[in-house]
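Structure first, commentary second.
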2 protein chains.
Amino acid sequence: MSLKVRINRSPAPPEPCMLTECMAVIAGAWAPNVIWCLRMGPRRFNELRIDIPPISAKVLSTRLSELTERGVVQRHVRDTSPPSVEYELTELGRELLPALDAIVKVGHKLKARGQLGVNN
Amino acid sequence: MSLKVRINRSPAPPEPCMLTECMAVIAGAWAPNVIWCLRMGPRRFNELRIDIPPISAKVLSTRLSELTERGVVQRHVRDTSPPSVEYELTELGRELLPALDAIVKVGHKLKARGQLGVNN
DNA sequence: CCGGATCCCAAAAGATACTG
DNA sequence: CAGTATCTTTTGGGATCCGG
């Protein structure tokens, strides 16, 4: 018979492509880092640049725009004497922190095994 | 005084770049999907291709190699009559599932708000 | 049937310089 | 200070072909 192709997941999972779309939330170089750096509170543009040394202004700017657009980050403009802008995680953004944390944990274990950064 | 630059995170966080390295574990198109599809048990190459329709053979092959190399996935070769190869998550790989799950949850919420897939 | 090797193209990241 | 504009470079995915 041809029905022993394995238990192939029953009704047609909506998941596979969903995941890809969801991953897009944190897509782009440094995006997870930006979220991570905002975890302890609001932060200004140049502060983030300092937090994440190798990031370029353009990329930081782009990522912040995207994340803001996606509702993960909120932007506050205070036009005080020197106009300053603050970025802050939204409620939704905070929900990503456990996810990033979980990934970091696995990353640490892999690193301990020397399997990260040595490959490919 | 000049020490009101904000609480800028004390001693030099090892995190920022760590996160980037850790994200590399699940880097590459469809990598999260592959992990996701393996969550319910071992799966063969062509089964995975069917699970994730838009993936190309090359990319699937590449991702599987990388994930195997990183200790997230295990490869079993059974040289039976028609040689078949099975892929399976390792213990470490399973630890990524909660992380992916958390991301999916946020993704769903964003999608409900229509902020995913409409932007940029 | 499984998957590696090669070529090509698009997207994205980095650097630099410039503006409100 | 907080970005944007332009350019160049690199990466990586897709298609196809080829080998075991």
Side-chain angles (χ1 to χ4, degrees), chain A residues 2 4-6 8 16-17 20 23-34 37-38 42-69 73-88 117 119-120, chain B residues 2 4-6 8 16-17 19-21 23-34 37-38 42-69 73-88 117 119-120:
Chain A
S2 61
K4 60 193 298 294
V5 254
R6 193 168 302 270
N8 66 356
C17 295
T20 301
M23 287 297 297
V25 179
I26 56 170
W30 308 112
N33 271 300
V34 171
C37 286
L38 288 173
R43 208 102 177 117
R44 293 178 16 199
F45 190 86
N46 275 359
E47 288 177 329
L48 288 172
R49 290 191 64 179
I50 294 170
D51 290 339
I52 314 169
I55 200 174
S56 72
K58 175 202 168 185
V59 173
L60 177 54
S61 176
T62 306
R63 290 296 92 80
L64 285 171
S65 299
E66 292 172 358
L67 293 172
T68 301
E69 203 172 344
V73 162
Q74 236 179 343
R75 184 189 148 134
H76 306 285
V77 184
R78 353 172 118 239
D79 41 66
T80 54
S81 29
S84 73
V85 183
E86 281 190 352
Y87 294 91
E88 173 175 27
N119 54 19
N120 203 359
Chain B
S2 59
K4 61 195 299 292
V5 254
R6 192 170 306 271
N8 67 356
C17 295
L19 222 200
T20 301
E21 285 184 70
M23 288 297 297
V25 178
I26 55 169
W30 308 112
N33 270 300
V34 171
C37 286
L38 287 173
R43 206 103 178 119
R44 294 184 10 203
F45 189 85
N46 276 357
E47 289 176 329
L48 287 171
R49 290 191 65 179
I50 294 169
D51 290 339
I52 315 170
I55 199 173
S56 71
K58 173 203 169 186
V59 172
L60 177 55
S61 176
T62 306
R63 290 296 93 80
L64 285 171
S65 299
E66 292 172 358
L67 292 173
T68 301
E69 203 172 344
V73 162
Q74 239 180 343
R75 182 188 150 136
H76 305 286
V77 185
R78 357 174 114 236
D79 42 66
T80 54
S81 30
S84 74
V85 183
E86 281 190 352
Y87 295 92
E88 170 176 30
N119 54 22
N120 201 2

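Below, chain A is the first sequence line, B the second, and so on; all start at residue 1. Source: prediction; values computed, not measured.
With a 4.5 Å cut-off on side-chain heavy atoms, Val77(A) and Glu86(A) do not count as touching.
Regarding Glu66(B), its CD atom lies at a distance of 15 Å from the P atom of dG3(C), rounded to whole Å. The separation between Leu48(A) atom CG and dA2(D) atom C1' is 12 Å, rounded to whole Å. In this structure, Leu60(A) atom CG and dT4(D) atom C1' are separated by 13 Å, rounded to whole Å. Between Arg43(B) atom CZ and dC2(C) atom P there is a gap of 12 Å when expressed in whole angstrom units. Rounded to whole angstrom, the span from the CZ atom of Phe45(A) across to the P atom of dT19(C) amounts to 18 Å. Rounded to an integer number of Å, the gap from Arg49(A) CZ to dG3(D) P is 11 Å. Atoms CG (Leu64(B)) and P (dC1(C)) sit 17 Å apart, rounded to a whole Å. When rounded to the nearest whole Å, the span between CG of Leu67(A) and P of dG3(D) equals 13 Å.
Taking 4.0 angstrom as the limit, Trp30(B) places a side-chain polar atom (N or O) nearer than this to OP1 or OP2 of dG14(D).
Residue Ser61(B) places its side chain closer to dG4(C) than to any other of dG4(C), dG13(D), dC1(C). For Arg63(A), whose side chain is taken as the heavy atoms from C-beta onward, the closest listed nucleotide among dG3(D), dA13(C), dG4(C) is dA13(C). If you check dC2(C), dG3(D), dG4(C) against the side chain of Ser65(B), the one that comes closest is dG4(C). Considering only side-chain atoms of Val85(A), the nucleotide from dG3(C), dA15(C), dA2(D) that sits closest is dA2(D). Taking every side-chain heavy atom of Val59(B) into account, dG13(D) is the closest of dG3(C), dG3(D), dG13(D). For Arg44(B), taking side-chain heavy atoms from C-beta onward, the closest of the listed nucleotides dG3(C), dA2(D), dC1(C) is dC1(C). With dC2(C), dG13(D), dC1(D) as the candidates, the nucleotide lying closest to the side chain of Lys58(B) is dG13(D).
Residue Arg75(A) is classed as a sugar-phosphate contact, given heavy-atom separations below 4.0 Å to backbone atoms only. Here Ala57(B) lies out of heavy-atom contact (under 4.0 Å) with every strand.
Separation of atoms CG (Asn33(A)) and CG (Asp51(A)) is listed at 10.0 Å; rounding is to 0.5 Å. Rounded to the nearest 0.5 angstrom, Arg75(B) CZ and Thr68(B) OG1 are separated by 7.5 Å.
With the nearest nucleotide of DNA chain D identified for both Pro83(A) and Ile55(B), Pro83(A) has the one nearer the 5' end.
What you find for Leu67(B) and Ala31(B) is that their closest heavy atoms are CD1-O, 4.2 Å.
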TODO: Go through the steps for Leu60(A) and Trp30(A) under the test side chain to side chain contact (heavy atoms under 4.5 Å, CB included), then give the verdict.
DONE: CA-CA 8 Å; Leu60(A) 177 54; Trp30(A) 308 112; over 6 Å; no
